[in-house]
Structure formats: structure tokens, C-alpha cells
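Quick note on labels: first sequence line is chain A, next is B, and so on, each numbered from 1.
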Amino acid sequence: MSKIKITFPDGNQKEFDRDITGKQIAEGISKGLAKEALAVEVNGEVWDLSRPIRQDATFKILKWSDDGGKDAYWHSSAHLMAEAVETLYPGAKFGIGPSIETGFYYDLDLGDHNLTKDDLQKIEEKMNELANRDVPYVREEKKWEDAVEYFKAKGDQYKLELLDEFKGQTISFYHQGNFTDLCRGPHLPSTGKIKAMKLLSVAGAYWRGNEKNKMMQRIYGVTFPTKKELDEYLFRLEEAKRRDHRKLGAELELFLLTPKVGSGLPLWLPKGTIIRESLIEFLRDEQRKRGYQSVVTPHIANLELYKTSGHYPYYKDSQFPPIQLENGEAFLLKPMNCPHHHQIYSFKPRSYRDLPIRLAEFGTVYRYEQSGEMNGLTRVRGFTQDDAHIYCAHDQLKAEIKATIELTQLVFKTFGMDVKIRLSYRDDKNTEKYGGEAGFWEQAQREIREVADEIKLDYFIALGEASFYGPKIDFMVKDALNRTWQLGTVQVDYVMPERFQLEYIGQDGQRHRPVIIHRAPFGSLERFIGILIEHFAGEFPLWLAPIQVAVLPISDVFMEYAREVYEALKDSGVRVEIDDRNEKVGYKIRDWETKKVPFMLVVGEKEKVGGLVSVRQHKKGDQGTVKREEFQTRILDIIKTRALTV
RNA sequence: GCUGAAGUAGCUCAGUGGUAGAGCAGCGGUUUCGUAAACCGCAGGUCGUGGGUUCAACUCCCACCUUCAGCUCCA
């Protein structure tokens, strides 16, 4: 029998008989490893443990701790769930059932039957039963015609549709127990590996993600090798719900969403406004240092302006309908600030000496989001962008892109937020979604990528995510429920300068087109604050905390001293409150703790006599006594430096 | 927009066709208190909205609104 050479992750090489399986290699290393192995990676591809290896290969055993291992685990779990569904609901048809970041889903067509929570319970029980049988997942390869025949007999049009794309190819199937599925694999060795399972939710999902197609029912679930891990995961889910900005926003009195004003139109309460204005002040400072000029533009504009920009009628459906005047004029609630800023740019001739011109505005825009899309502060119909447009000569472009990325990164660093950077390119297969000439697009995409490489950004590229006038560098952040949102953005635009005929006079005395950078480090204040609330779980750093200090006299007797402490802090600019309620100090502490106020100052006899305050920090408890003045100096410093931790 | 679920006091939640309840918060009083809940009392509701069935509807039926989860969309 011929031999093959296997290279292990540590670089070691070893010869094996041809057709050896991953499982056999694992068993050769140790029994424990063989037991833990879920799949193997062969030449960078994830394979079943039982699949014979026919040639020299790099080789890695995948366990639960490996992404590839989890992937096989959850994908196999989806098949197990499908088997349970088919057992309980004969005739069920299946769409796709992949693993996802955490867990898996399967899209189902059960005819008229709508799945309920009780159904999920039943399916879960059946899955447990099937897993306990511990039957193997078996791979089988069929000719395309035989595969089609199989699903024709079964009457599953979804799988037939999927097969259309693989015409003429060999098709792999997987069986476990009585269930057979069209599947590329890989899978676990057997169902018994799946120990703890939970079906989380059922929701509609369009077949193949197209809203013109039939809506299927999608069950989301998650499985783990032990009950303990499942319980921990479910506990974390509950914890995450406690961070939900919609819940904290009401509890901490930050903002209000009420149908009386309108869906997706948040009202900022006094405490939330403090956070919002602190953020604005922070960014204004940074922008002033970087040569930005502030401008202000109105909330509506002549419809013609948006015809020039191209936003109308292409985005007609996502705008509030125009306001029609009797004289035939029409106005649009502004969906974006750019066209206004372009008018400011072009109100007078510009020289190359003036460039770059950086126009900044906290501009509120209105977009008609679909009704099912609204989500707390993260998806709204009226929001304020920390918008700016940089008009520059082409030879200034890269430096300006760098500077805007640097500013955006400073923003996220200031809050300690974890961002993923996405280069959003256009989809060349769908060019009618985008304006401008192909050449401009290639140039702009190349340029942002070059800058990203030069400053060694860790990015990924996403096709089809560009805006209609140019590619973007997007700063993506996750919310408490693990959903990804775009916050900051930097966009390069060659299209609008053409549409608006923007010019400057160059050193050569000739007219030139500037390039525009659109950028918004926060993205929108609403979305940013929504994420920020969840990021800090409502426990804001001192400089953002709506109430920074609460003074708690132990009883009425010390009210006068408490007022002195309170007034002094207030005069120095600290956001401080005094709790003069007729309550015991334990009650007051509990109350201010639940309000997540960073500092409490307990004052009684001892403090009054010594000119002291007893400092109690949120969640950290009693920090001992200090001189009043000392506390004041310290807290002002923490606020000024915008420190994250104290 | 689509599929499904939900909506009872400011908040969290009970209430399966027969007079709407609790805890917390709020208000009034008593207590003057040392690091996460003192005590007593009072008030608080068009049961999301509008129709219908019924002697009688928070409860059953229909429509709409809003919220939630997911899908689609996101300049």
C-alpha cells in the first residue's frame, strides 16, 4: 500500500498508509484526543473524521475549541434538528441549515403549520432522543441525476432548486438515522457528541434571502458539548438583555420613544441630552484642532437639490414624501447633509490655496425606514450625523483620508470600543445601484485600500456595501445582542463633484475638480449612544455620566454641611445632586447605586468636623474619607482627561 | 414591507366570561438614622385603539396601532 506524508501543525511530519482517516490518526496520537476530535482540517479544508486522506497533506485535528470544530458541531446539530422536525412533521420541506457564529438555524416549509414555542419544546425533546441514539453521520456521493431523483421523489422543491446550480457535478449527501440531506459537510462522527441543546426562536425568513420568494420558517438553535456550557451561554444571553439600551434608556431616563411623536423619532430626556452634548463637545474640540469649520443648514431643502445630487428619485422609497407648495415648488426633509455643504463650497470661487476645506455639521436627517426596521436608537427615522465634508485636491486625498481614519480611531479608543473595519466596495454585478463612471470607482477603491494598507488597518472587504456615490471605510461595532452596526464611516466621492460641478482654481490657473471625503466618526449620535449605553451597560465614565456625584447626608442634622459640599462641587462645574430626602443612608445608597451614579459622598458628624467627605464609588463600595478639596481636585481631573476608569 | 409573538398602574408582573390585584416607584405622616430597601397611611387603571359576539368581555372574534425576534432594506 502506498504511503502519504502528513504534516502536523507543529511542523512535524509523519508517514501513513494511503486512505488513512483523521480519526485513525487521532487515535494514534491519544485516546483522549480521538474522543475530543470533532473534525479535521486537511490542506486547509474542514473534513469529516471518517473521510480517507489520499495524498500528502497538512493536517490538524479540530476540537470544540477550534472554529472549524464548532462549525461542524453546529452544522451537524442543524441536521439533527431537521431529523427531529421530519419525524414530528412528516412531509416537511427543507431550505438551508447552516451553522452561524453561535449556533445554527434551519429554514423549513411546514405548509400551513405555524411553529409555536410548544413545538420548539417538542422538537428539542425529539432531538435529545435522537442524539442519545448516537448514530453516525454518513457521507455518500451520488451522481447529480440520482440526487435530483431523490428529491423529486421526496417532493422537496427547495433542494431541487439548490441542485440546479450543481448540474453535472458529483453531489454529496449525509445521512444520520432516518434523515438524509443534500450537504457539502463536514459533520461530526455521530449524533451522540451533541449533548446539550436549546432551540431559541422561530421567525420568518425569505427563501434564498429574496423578498419576492416564499417566506419559510427559520428555527434558531444552539448546542454544546455539556449542559454547563449551554447554561452559561443562556445566562450570558440574559445578562446581555440587561444591557439593552432600550431598557436602560428608560430606566436611566436618557431618551423616550413614543408613538405619540412617531415611530423611530426619539426624544432626548435631560439626562440623555447631557451625554449627547458631551459627545458633541468632545468631537468639536477634536475637529477644531484639525482645521474643521462648523456650518449650519436647514432641515428641508428644495427637491431640485436632491435631483441634482441623484438622491431623488433613486431613494424615493426611503424618504418622507416631499412637501408640495401651491406654486409647484417641492421641499424634501433632508435625508443627508452633503448637498447643502456642496452649496456652501461653491458659493464663491475656491483656490487651491484654500484646500482642503473641511465643513462640519451635527446635521439632523430624516429617512423613511421600513416599519419593521426600527430598533430603539440604533435604527431610527430622524437622527443627527456628526457629518463633515472635506473638499480637497487629488494630491491631498490620501493624507486627508488618513487623518479622518485617525480621528475616527481616536473616537473609538476614547470609549474603549472594539471595532471591525470594513472596506465597503460596490458590487460590479449590480452597477445600476451606483452613480458615476467605473473608472472613478476603481480609482477610489484602490485609494482607500492603499491608505488602509499604508497605516496597517486590519480590515475586511465587503462587496455591495458602498454608498451610491463611492466606496467607504466603515467602522462596525456589535451591540449587546451581538448584532453588528455601522457607526463611523469615511467615504471617498468623485461623483458629487461632477454632479454639482464643484471647482477650484489650481496653481496653473485652470479649473479643477476637487475630491470629496464624507466622514462621520460617530456615524449618527443616536446609534452611537445606543451602542455606547450597551457598551458601558449604563455605567458611563465620569465625563459622560449625567449625574457624576450624589451627596448623601446621614440625617437632617448634617444637611447644612452637605449643602456646602454640594454647592462647592456644583460651582466647580461638577454635575452633582444632593439627596435631602428623609431616608436612611442605606436607602439612599441603594437608590443611587441603581441609578449608576459614579460617586456618592456620605457626610455625617465625622466629615463635618474634619472638612471631609466619605467617598463611595459605584459598584466598588466605600473608598474611605478624604478632604473635600482633595476630592474635588481629583474628580475634576478625571472629568477633564475623559478617563475611562478611575 | 414580510412572518411570528406580545401589549393590564410610572416599572416588574398576577388575573381562563360575573365588582381589576401585588411588589417597587410616587404622595402624606412618624422616625434623625454611618455604606444596597425603617414604619404607618393615601392615591394611582378607558386592561393598546376601534368594532363585533354575549344578559355580562381584561378574558371570545375581526380590524388597526405600537413593541419585540428574525427576514428584506439601510444614500
Parallel, tilted or perpendicular: which one describes the rings of A:Y391 and A:Y345, with boundaries at 30° and 60°?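 Ring orientation of A:Y391 relative to A:Y345: parallel.
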
Whether A:F528 and A:F412 hold their rings parallel, tilted or perpendicular, with breakpoints at 30° and 60°: tilted

Would you indicate, yes or no, if [N] has its OP1 or OP2 atom less than 4.0 angstrom from a side-chain nitrogen or oxygen of [X]?
| X | N | answer |
| --- | --- | --- |
| A:S263 | B:U67 | yes |
| A:Y220 | B:C71 | yes |
| A:Y587 | B:C39 | no |
| A:R590 | B:A25 | no |

Using the [atom1] atom as the point on both nucleotides, what is the distance between [M] and [N], in whole Å?
| N | M | atom1 | value |
| --- | --- | --- | --- |
| B:C11 | B:G48 | P | 13 Å |
| B:U16 | B:C60 | C1' | 11 Å |
| B:A9 | B:U3 | P | 29 Å |
| B:G15 | B:C47 | C1' | 11 Å |
| B:G18 | B:C13 | C1' | 24 Å |
| B:A57 | B:U30 | C1' | 45 Å |

Check whether the side chain of [X] and the base of [N] form a donor-acceptor pair under 3.5 Å.
| X | N | answer |
| --- | --- | --- |
| A:S201 | B:A69 | no |
| A:S614 | B:G34 | yes |
| A:R379 | B:C73 | yes |

Atom-pair distance (NZ on A:K241; P on B:A6), nearest Å: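 Those two atoms, NZ and P, are 15 Å apart.
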
Just how far, in rounded Å, is C1' of B:G70 from CD of A:E211? 15 Å

Using the rule given for ring pair (Phe, Tyr, Trp, His ring centres under 6.0 Å), can you reason through A:F94 versus A:Y158, listing the C-alpha separation, both sets of side-chain angles and the distance that settles it, and then say yes or no? CA-CA 7 Å; A:F94 297 90; A:Y158 302 103; 9.5 Å; no

What nucleotide among B:A75, B:C33, B:A69 has an atom nearest to a side-chain atom of A:F468? B:A75

Between B:A36, B:A75, B:U3, spot the one nearest the side chain of A:E593, thanks. B:A36

Residues forming a ring pair (Phe, Tyr, Trp, His ring centres under 6.0 Å) with A:Y366, sequence neighbours excluded: A:H299

Encoded 5' to 3' (Watson-Crick or G-U under 3.5 Å; [ ] crossing; | other strand), RNA chain B becomes (((((((..((((....[..)))).(((((.......))))).....(((((..]....))))))))))))....

Residue mapping more 5' on RNA chain B - nearest nucleotide basis, A:Y315 or A:N114: A:N114

I want to confirm an ordering. Mapping A:K433 and A:R483 to their closest nucleotides on RNA chain B, which one lands closer to the 5' end?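 This one resolves to A:R483.
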
May I ask you to check whether over 12 heavy atoms, not counting those of A:K595, lie within 6.0 Å of atom NZ? yes

Residues of residues 359-371 of chain A with any non-hydrogen atom less than 4.0 angstrom from an atom of RNA chain B: list those, numerically ordered, please.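 Those residues whose heavy atoms fall under 4.0 Å from RNA chain B, taken from residues 359-371 of chain A in numerical order, are A:R367, A:Q370, A:S371.
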
Just checking A:Y315 against A:F468, ring centres under 6.0 Å apart?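 A:Y315 vs A:F468: aromatic centres under 6.0 Å.
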
Using a 4.0 Å heavy-atom cut-off, does A:K606 contact any base of the nucleic acid, only the sugar-phosphate backbone, or nothing at all?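 A:K606: base contact, heavy atoms under 4.0 Å.
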
Minimum-distance pair of heavy atoms, taken over all atoms of A:G436 and A:V495: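 For A:G436 versus A:V495, the nearest heavy atoms are CA-CG2, 3.6 Å.
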
